[in-house]
Amino acid sequence: MKTKYLSLLIAGLALFAASCKKTSFHPTTRDAVVDTAVDVYAAGYITANNGRGGVTEVAAYWKNGVITRLTDSLSFCEAKGIAVVGTDVYVVGYISNLTNPFNENAVLWKNGVATKLSPDSTASEATFIGVLGTDVYIGGLIHDVISQTANSTSYGSQPVYWKNGVPNLLPNATSITAIAFNGSDVYMAGSIVSPNKFTGIGMGNGSVAAYWKNGALADTLGYPAAYLPAYSSSANAIAVSGSNVYTAGVTDIYQPEMWQNGTPTILANTTESSIAAGIATNGTDVYVVGMSGNFNIATYWKNNEPTALSVGALSMTNSFAQAIALNGNDIYVTAQVKHASDQNYASYYWKNGVSVELSAGTGTGAYVKSIALAPKN
């Protein structure tokens with residue numbers, strides 16, 4: 001992404017109302033709740049009738065399974081990340097409109113009020129958020145037009161993170177996917193350009209999983225010895241405990257893995273179609289969530305021991321665990337499940353294996369992306 005695009009982003013910050021509903025509650029920072037009684041917040045979107053014979057996406061969050069819409073059905077909107085601090089709730093995602101659904105804008109909703117993170121002339125989306133003191137970090141993508149014809153537009157994507165609304169780039173990044181804090185240190189996960197090249201017409205360098213500390217590349221994350229290195233990988237999640245940095249991610253053709261300080265471990269009971277999406281730690285215990293096996297079963301791993309999630313007798317084929325949060329010894333996992341009866345997706349969170357459905361309200365399907373915990377009022 002050229003420098004001029006960053007200048008446009010800085011100049012184009014705009015505050016606007018987006019059919020938002022305000023809600024008052026008293027949360028604390030994500031993954032850092034110390035109370036045993038917590039409220040569970042999740043962010044994502046539902047599909048709903050747009051009133052014009054079509055279906056649109058409505059950004060939403062849930063509190064203990066009850067939905068609050070952040071937008072109406074006149075826009076394509078998704079919420080992808082959530083963090084809660086004090087009396088403030090932060091949700092990030094993107095918003096577009098029915099007339100041009102591909103012109104997306106990254107958005108931060110703070111207590112129901114939406115702020116665009118890029119001008120309307122620049123397509124973008126926000127995918128995760130973290131709050132450290134008074135600093136708000138949001139990660140995402142800027143979509144640059146590569147080519148355009150009368151019938152189609154081709155986009156390229158530049159990873160970016162915003163700190164207090166100001167966009168920044170990370171060295172060599174091809175993706176930025178997650179954030180974690182350790183004291184005043186800020187860690188981000190993603191991927192960089194790989195030194196290995198693919199072979200074939202039009203194919204160039206791939207990507208390799210990596211993480212950054214305070215804006216500087218800290219480590220690239222290699223494959224296990226049994227894997228050939230000439231394939232792409234990305235770290236999808238990151239957690240820091242003391243001097244240990246844990247990341248989890250995916251590879252192009254191999255099983256997903258987790259890394260401790262750069263040392264890889266292949267996740268148990270996985271295939272090349274499996275995915276590692278989230279990670280959390282509690283002391284020396286390391287938890288990873290994602291989907292496992294050829295039938296895509298929502299799963300979490302504790303110290304690399306897999307546990308498949310379930311909802312009564314419901315088939316969990318085509319299910320995907322997206323996020324995890326810990327409260328002491330309590331494990332909270334969110335996932336979406338495709339219902340065979342109507343082919344719509346429903347979303348759930350599990351507390352220690354017991355499921356709670358995240359209602360779609362009047363929508364036809366629910367898709368959860370992230371989770372946060374807060375002490376009960």
Common cluster, Val38/Val368, ILVMFWY with side-chain heavy-atom separation under 4.5 Å: yes

Any side-chain donor near an acceptor of the partner, Thr177 and Ser175, under 3.5 Å: no

Point-to-point distance, once rounded to the nearest 0.5 Å, from CD of Glu272 to CD1 of Ile253: 7.0 Å

Gap separating the CD1 atom of Ile82 from the CD1 atom of Ile371, nearest 0.5 angstrom: 9.5 Å

Side-chain donor or acceptor of Asn168 paired with backbone N/O of Val166 under 3.5 Å: yes

For Gln255 against Leu267, the heavy-atom pair lying closest together: NE2-O, 3.9 Å

Geometric class of the Tyr300/Tyr287 ring pair [parallel <30°, tilted 30-60°, perpendicular >60°]: tilted

Derivation and outcome, side chain to side chain contact (heavy atoms under 4.5 Å, CB included), residues Phe128 and Ile176: CA-CA 9 Å; Phe128 67 84; Ile176 309 172; 3.7 Å; yes

Donor-acceptor side-chain pairing of Glu125 and His143 below 3.5 angstrom: yes

Ile192 vs Val208, side chain to side chain contact (heavy atoms under 4.5 Å, CB included): CA-CA, chis, key distance, verdict: CA-CA 5 Å; Ile192 65 168; Val208 61; 3.5 Å; yes

More than 12 heavy atoms of other groups within 6.0 Å of Asn329 CG: no

CA sep, side-chain torsions, deciding dist, call: Glu78, Tyr94, side-chain hydrogen bond (donor to acceptor under 3.5 Å, both in side chains): CA-CA 6 Å; Glu78 293 186 14; Tyr94 72 82; 3.1 Å; yes

N/O donor-acceptor pair under 3.5 Å between Thr271 side chain and Ser273 backbone: yes

Donor-acceptor contact below 3.5 Å, side chain Thr299 vs main chain Ile297: yes

Shortest non-hydrogen contact between Ser347 and Ala366, atoms and distance: OG-O, 2.9 Å

Check: Val136 main-chain N/O paired with Asn164 side-chain donor or acceptor under 3.5 Å: yes

Single-linkage hydrophobic cluster Met291~Val289, side-chain heavy atoms < 4.5 angstrom: no

Leu309 and Met316, any side-chain heavy atoms less than 4.5 Å apart: yes

Thr174 side chain to Ser207 side chain, donor-acceptor N/O pair below 3.5 angstrom: yes

Any Gln322 side-chain heavy atom under 4.5 Å of Thr334 side chain: yes

pair Lys80-Val91: side-chain heavy atoms closer than 4.5 Å: no

Gly293 backbone acceptor or donor facing Ser274 side chain under 3.5 Å: yes

Side-chain (Asn236) to main-chain (Ala276) donor-acceptor, under 3.5 angstrom: yes

Asp285 side chain near Lys302 side chain, heavy-atom distance below 4.5 Å: yes

Considering all heavy atoms, the nearest Ala43-Gly81 contact: CB-O, 4.2 Å

Tyr348 and Val311, any side-chain heavy atoms less than 4.5 Å apart: yes

Expected output: side-chain Ser96 to main-chain Phe76 donor-acceptor under 3.5 Å: yes

Asn182 side chain vs Val240 backbone, donor-acceptor pair below 3.5 Å: no

Gly139 backbone acceptor or donor facing Trp162 side chain under 3.5 Å: no

Heavy-atom side-chain proximity of Ile129 to Tyr137 below 4.5 angstrom: no

Nearest-0.5 Å distance, OG1 of residue Thr247 to CG of residue Leu221: 4.5 Å

Close side-chain approach of Val286 and Ile279, heavy atoms under 4.5 Å: yes

Chi angles and distances behind the side chain to side chain contact (heavy atoms under 4.5 Å, CB included) call for Phe320, Ile275: CA-CA 9 Å; Phe320 183 13; Ile275 295 174; 3.9 Å; yes

Ser292 vs Thr270, side-chain hydrogen bond (donor to acceptor under 3.5 Å, both in side chains): CA-CA, chis, key distance, verdict: CA-CA 5 Å; Ser292 174; Thr270 57; 5.9 Å; no

Interatomic distance, Asp330 atom CG to Leu373 atom CG [nearest 0.5 angstrom]: 9.0 Å

Nearest heavy-atom neighbours spanning Trp109 and Ala59: CH2-CB, 3.8 Å

Stepwise side chain to side chain contact (heavy atoms under 4.5 Å, CB included) check, Lys213 with Val186: CA-CA 6 Å; Lys213 179 180 178 181; Val186 181; over 6 Å; no

From NZ (Lys63) to OH (Tyr41), nearest 0.5 Å: 4.0 Å

Reported CG-to-OH distance for the pair Asn352 and Tyr332, which is rounded to 0.5 angstrom: 7.0 Å

Between Thr364 and Thr47: side-chain donor-acceptor atoms closer than 3.5 Å: yes

Co-membership, hydrophobic cluster, residues Ile238 and Ile179, 4.5 Å side-chain: no

Hydrophobic cluster identity match, Leu141 and Leu117, side-chain contacts under 4.5 Å: no

Nearest non-hydrogen partners of Ala248 and Trp259, listed with the distance: C-CZ3, 3.9 Å

Check: Val245 main-chain N/O paired with Asp219 side-chain donor or acceptor under 3.5 Å: no

Ring-ring centroid check Phe181 Tyr187, cutoff 6.0 Å: no

Pro264 and Tyr223, any side-chain heavy atoms less than 4.5 Å apart: no

same_hphob_cluster(Tyr161, Trp212) at 4.5 Å side-chain heavy-atom cutoff: yes

Thr127 versus Gly140, closest heavy-atom pair with distance: OG1-CA, 3.7 Å

